[in-house]
Protein chains: 2
Amino acid sequence: MAGDGTIGKACDVLEQVAAFARPVRFAELLESSDFPKATLYRFLQTLTNQGMLSYDPDRQTYAPGMRLVRLAHAAWTQSSLAPIARPFLDSLSRETGETVHLAQLDSSQVLYVDKRNAAQPIEMYSQAGKVGPAYCTGVGKAMMAFLEDEALNKAVSQQSYHRFTDKTLASEKALRADLDLIRGRGYAVDDEEHEPGIICIACPILTSGGRVLGAISITGSTERMNFDQLESWVPRVRRVAEQIGTEAQAWRFPETRTNAHNDRMQAT
Amino acid sequence: MAGDGTIGKACDVLEQVAAFARPVRFAELLESSDFPKATLYRFLQTLTNQGMLSYDPDRQTYAPGMRLVRLAHAAWTQSSLAPIARPFLDSLSRETGETVHLAQLDSSQVLYVDKRNAAQPIEMYSQAGKVGPAYCTGVGKAMMAFLEDEALNKAVSQQSYHRFTDKTLASEKALRADLDLIRGRGYAVDDEEHEPGIICIACPILTSGGRVLGAISITGSTERMNFDQLESWVPRVRRVAEQIGTEAQAWRFPETRTNAHNDRMQAT
DNA sequence: CATTTTAGTTCCAATTAATGAAACCGAGTT
DNA sequence: AACTCGGTTTCATTAATTGGAACTAAAATG
């Protein structure tokens with residue numbers, strides 16, 4: 001992806017190890033990697049030394065390391081909407097009794113940062129940290145719909161458009177049409193586009209200036225409910241999204257953008 | 001800490017940003033850093049580009065980035081005891097109704113990897129990914145007590161021995177004495193050593209060969225319970241710890257150690 | 001059992017990237 | 001207008017990464 005120097009390469013390796021959803025051997029990494037043998041080898045060594053990877057000497061496999069969990073906790077606490085949104089999610093969960101998700105965009109994917117299960121209490125990283133597709137989830141579409149042109153084009157072009165169900169919007173054109181709709185009515189709908197039987201409504205979390213911070217959704221199953229029921233919660237969800245946006249902006253995500261620094265940061 | 005090349009330095013910077021438990025300015029980082037201005041600046045740039053840090057262009061502050069959360073999810077799933085331990089934690093939680101913690105050691109600190117809240121939750125932070133001191137927590141002492149000599153010496157020497165309460169074991173000597181006790185009876189006790197009013201019992205999770213994998217604990221408050229009550233659960237906790245150890249060994253942490261590779265990996 | 005293959009590790013000279021002192025810039029002060 | 005402070009950029013120097021190739025251990029093969 002991006003290739004800034006040694007650090008960028010190291011991150012690529014990290015990402016690659018994480019991409020296998022299981023402990024992985026050197027040889028496997030090597031063949032799915034652009035790096036020559038020796039180079040990859042040394043990266044794995046160094047990252048293992050640093051605790052960013054863990055190495056199982058018996059099976060000779062690498063996996064993402066525990067140090068990441070520690071660092072991620074700091075990230076979750078400081079950079080995510082989760083701490084701010086927590087009380088709001090709690091009340092939404094209480095009122096609706098349904099599954100509630102809080103998500104943010106991370107490199108054109110949906111990153112779930114918090115969740116309330118219908119019955120159970122909070123589970124932390126069990127769900128937080130998980131990624132999903134943006135083009136066929138309520139939260140993903142809610143966020144994309146309100147991106148500024150440049151970011152939207154980028155996001156839309158980076159979707160995989162895999163057809164999970166026969167209702168999946170499996171093309172850029174179909175997606176863009178739905179995003180226009182969403183922008184108009186202010187919330188997104190997922191009508192079994194990702195998983196059969198699973199429907200949801202989602203509202204974007206925006207700053208007062210319209211910048212996308214994240215999204216919240218309420219999910220149900222077609223067995224227990226229909227869209228009328230689900231959509232009856234939209235006003236409530238929208239209000240919560242607004243409240244989170246306001247608080248977030250005050251605490252963490254102030255409005256101003258587009259100075260020289262920012263431009264450079266986002267560049268290729 | 002360790003200084004392997006550019007990657008090591010980048011990790012140090014990451015760690016340093018995370019260490020401030022809040023978004024931090026360039027100048028602040030600079031003065032608590034060994035790097036010269038330009039060097040630190042470029043590291044921050046690159047890491048931000050990579051999503052390992054996030055940058056707030058208005059306040060000009062850096063914080064750990066969301067990419068870490070995504071990577072940590074993979075780490076948590078693959079390298080932690082959490083997925084294996086989950087059903088056991090659930091049943092312990094159900095049976096006791098108290099707060100249950102699952103922890104592992106990460107560079108001489110306690111890293112909490114999973115948690116179940118008490119039926120009547122007591123005010124206490126501790127979440128997955130959170131770290132805590134090893135010398136004054138039940139899980140920390142339970143793990144340290146069963147380390148092999150070399151690792152134990154290292155761990156013991158790296159504690160801060162800050163006196164959180166007047167019961168804190170605030171010296172290496174006092175700690176070692178308690179560890180001997182723990183090793184003898186097979187479980188650790190935290191008698192308000194970290195937080196006043198908070199007590200707990202903890203059992204180590206070991207492989208059949210005696211290698212430390214983690215620890216589980218049950219926590220209570222002095223207001224609602226006493227040690228007799230808490231200690232009545234020790235046999236149950238110990239059994240669960242053994243079960244987790246057995247499963248973990250089978251699935252993920254085989255016994256063999258100490259080949260050339262491993263030696264090098266752990267070296268300076 | 002000898003031989004070949006495979007997987008992982010190490011070497012080292014060529015190359016490339018990191019480095020950091022110093023200059024620069026812009027916004028807010030004096 | 002000159003100064004200061006925090007942040008950013010430049011560029012010659014320095015130190016690191018690089019990767020082809022050689023090597024080793026262990027497993028597969030004849």
Side-chain angles (χ1 to χ4, degrees), chain A residues 2-14 16-17 20 23-50 52-63 254 256-268, chain B residues 2-14 16-17 20 23-50 52-63 254 256-268:
Chain A
D4 16 29
T6 311
I7 293 175
K9 292 171 200 167
C11 290
D12 285 352
V13 171
L14 221 49
Q16 210 198 331
V17 173
F20 289 76
V24 60
R25 293 187 97 89
F26 176 78
E28 301 181 271
L29 286 167
L30 181 59
E31 84 183 307
S32 73
S33 163
D34 297 332
F35 299 111
K37 222 205 287 202
T39 304
L40 178 63
Y41 178 73
R42 257 176 292 106
F43 270 123
L44 292 172
Q45 293 247 115
T46 309
L47 289 169
T48 303
N49 252 326
Q50 291 293 328
M52 304 298 274
L53 293 176
S54 72
Y55 180 74
D56 177 337
D58 186 63
R59 314 194 165 183
Q60 300 186 139
T61 55
Y62 297 88
T256 43
R257 278 180 294 162
T258 320
N259 57 21
H261 185 155
N262 190 38
D263 285 348
R264 198 176 27 61
M265 284 303 195
Q266 305 301 341
T268 309
Chain B
D4 15 29
T6 310
I7 294 176
K9 293 173 201 167
C11 290
D12 285 352
V13 172
L14 222 49
Q16 211 199 329
V17 173
F20 289 76
V24 61
R25 290 188 100 86
F26 177 78
E28 301 180 272
L29 286 166
L30 182 59
E31 82 183 309
S32 72
S33 164
D34 297 331
F35 299 111
K37 220 205 288 201
T39 305
L40 178 63
Y41 178 72
R42 254 176 295 106
F43 270 122
L44 293 173
Q45 292 246 119
T46 310
L47 289 169
T48 303
N49 252 324
Q50 291 293 327
M52 304 298 274
L53 293 177
S54 71
Y55 179 75
D56 176 337
D58 187 63
R59 312 194 165 182
Q60 299 186 140
T61 54
Y62 296 89
T256 42
R257 278 180 295 162
T258 320
N259 58 21
H261 185 154
N262 191 36
D263 285 350
R264 197 177 28 62
M265 284 303 195
Q266 306 303 339
T268 309

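Just so it is clear, the model here is predicted, and its values are computed rather than measured. We name chains A, B, ... by the order of the sequence lines, and we start the count at 1 in each one.
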Check your understanding: Between atom OG1 of A:T46 and atom CE of A:M52, what is the distance when rounded to the nearest 0.5 Å?
Key ->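 Rounded to the nearest 0.5 Å, the OG1-CE separation comes to 12.0 Å.
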For atom [atom1] of [X] and atom [atom2] of [N], their distance in whole Å:
X	N	atom1	atom2	answer
B:Q60	C:dG28	CD	C1'	13 Å
A:Y41	D:dT17	OH	P	15 Å
A:R25	D:dA27	CZ	C1'	11 Å
B:L30	D:dG7	CG	C1'	10 Å
B:F26	D:dC5	CZ	P	16 Å
B:Q45	C:dA18	CD	P	13 Å
B:Y62	D:dG7	OH	C1'	9 Å
B:E31	D:dC5	CD	P	14 Å

Review point. Is any side-chain heavy atom of A:V13 less than 4.5 Å from a side-chain heavy atom of A:F35?
Key: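 Yes, close enough: below the 4.5 Å cut-off.
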**Study point:** Test item: B:I7 and A:F43 side chains (from C-beta on) under 4.5 Å apart, heavy atoms
**Key:**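 They are in side-chain contact.
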Which heavy-atom pair separates [X] from [Y] by the least distance, and what is that distance?
X	Y	result
A:G8	B:Q50	CA-NE2, 3.3 Å
B:T48	B:Y55	CG2-CB, 3.7 Å
B:L53	B:L14	CD2-CD1, 3.7 Å

Practice item. Carefully, step by step, assess B:K37 and B:F26 under the rule side-chain contact (heavy atoms from CB on, under 4.5 Å). Key: CA-CA 9 Å; B:K37 220 205 288 201; B:F26 177 78; 3.7 Å; yes
Check your understanding: Taking five pairs at each end, how big is the angle between the two axes of the helix from C:dC1-D:dG30 to C:dT30-D:dA1, to 10°?
Key ->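 Computed angle between terminal axes is 20°.
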**Study point:** Derivation and outcome, side-chain contact (heavy atoms from CB on, under 4.5 Å), residues A:Q60 and A:V24
**Key:** CA-CA 8 Å; A:Q60 300 186 139; A:V24 60; over 6 Å; no
Practice item. For each nucleotide in nucleotides 19-27 of chain C, reading 5' to 3', give B when a protein heavy atom comes within less than 4.0 Å of its base, S when such contact involves only the sugar-phosphate, and - otherwise. Key: BBB------
Check your understanding: Nearest nucleotide by nearest heavy atom, which residue falls closer to the 5' end of DNA chain C, A:I7 or A:E28?
Key ->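 It is A:E28, whose closest nucleotide lies nearer the 5' terminus.
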**Study point:** Check: B:L29 main-chain N/O paired with B:Q16 side-chain donor or acceptor under 3.5 Å
**Key:**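 A pair under 3.5 Å: yes.
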